[in-house]
Amino acid sequence: MLIKSKRASDVASSEITDQSIYQQRRKFLRNTALFGASAALAPGLLLPESVIAGDRLANVVKSAYTLDDELTPYDAVTEYNNFYELGTGKRDPAANAKRLKTSPWSVAIEGECAKPGVYDIEDFIKPHKLEERVYRLRCVEAWSMVIPWVGISLADVLKRFEPTSKAKFVEFTSIHDPKNLPGQRVKTLDWPYVEGLRIDEAMHPLSILAVGLYGEVLPNQNGAPMRLVVPWKYGFKSSKSIVRIRFTESMPKTAWNKAGPNEYGFYSNVNPVVDHPRWSQRRERRIGEFRKRKTLMFNGYAEEVASLYTGMDLKKHF
Ligand code: MTE
């Protein structure tokens, strides 16, 4: 398999990377020169041009915002994806991963802030602490995974650009490159992929911009070089391959809401009592498990995020 063959570790592509193997690999890397030498990145060099999916990320600290659920195997996390720009089949994103060109890459900061600008991805990430956070991802299609992300705090990033008092929402736009991305030659969505959060949701300490998973640079199919992760919302809120972040006064028009306004609301909080019009949201299948689990309110993060929605009718604002 193409992406895995470039990884710093030498786990065979046929091998399922479960949690114990992951831990062994981490130990191995810690205990060999590999971690300190060529396979690891020099401090301060987070995502240089030569970095490819699978290279290990250096200087990653463990975050307190982490779960001890069993991890979804690496192969499932990277081969069962939704990334419509690379095709609508679950295996299409991995198969077409090479079509996504992640270098050079810049991120535009626009709208209601004091410091708009265009930043090279390396400069964009460099000031921030890289943290590993194990989060649940619950897809609107009623499956879920547990993923050890490596990311940076979205709040810290946004504060750097000094949002004004008019910044009520934050809009995230993904790459638009129909020449290279096969899925964008078909009008499955109104391209580019746009998502949005209310500013207080974006500033919540659980919201991150992920640049890696399983300790390694984010594979293209998972949204390289940088994607949003908002664990209490359905997976589609977590925009991949972000090229623009805009502070806005009005609610952004999001790609899924435009495609199906009665199916995909702006909030998209994981909520087992609000069914999708075409299926129940009460249960979910954790990838790799046989028996379905009950879906938890806010994907299990109610204690942390429920207060964001005090007084709101979450059936109306789904
Ligand atoms: N971002 C973009 N740009 N395009 C997409 O098609 N799919 C979303 C979300 N982000 C999507 C996207 C959906 S529906 C889900 S469930 C998650 O990405 C899946 O993330 P994963 O493939 O890393 O598990």
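All values derive from a computational prediction rather than experimental measurement. Both ligands and their constituent atoms are indexed starting at 1 by order of listing. Quick note: residue numbers are just sequence positions, from 1.
- With sequence neighbours excluded, no residue satisfies ring-ring contact (aromatic ring centres under 6.0 Å, His included) with W105.
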Show the atom names and distances, to 0.1 Å, of all donor-acceptor pairs under 3.5 Å that link a side chain in residues 270-277 to residues at least two apart or in another chain.
residue: N271; atom: OD1; partner: V273; partner atom: N; Å: 3.1
residue: D275; atom: OD1; partner: Q281; partner atom: N; Å: 3.2
residue: H276; atom: ND1; partner: R278; partner atom: N; Å: 3.0
residue: H276; atom: NE2; partner: E263; partner atom: OE1; Å: 3.2
residue: H276; atom: NE2; partner: Y264; partner atom: OH; Å: 3.3

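- Ring pair Y309/F298 is parallel by interplanar angle, where below 30° counts as parallel and above 60° as perpendicular.
- Ligand 1 lies under 4.0 Å from heavy atoms of N81, N82, F83, Y84, E85, C139, S174, Y193, N222, R227, G235, F236, S238, S239, K240.
- A donor-acceptor pair shorter than 3.5 Å can be found between the side chains of W256 and Y193.
- Inspection of the R286 and S144 side chains reveals an N or O donor paired with an N or O acceptor under 3.5 Å.
- Residues meeting the side chain to side chain donor-acceptor pair (under 3.5 Å) test with Y234, sequence neighbours left out: none.
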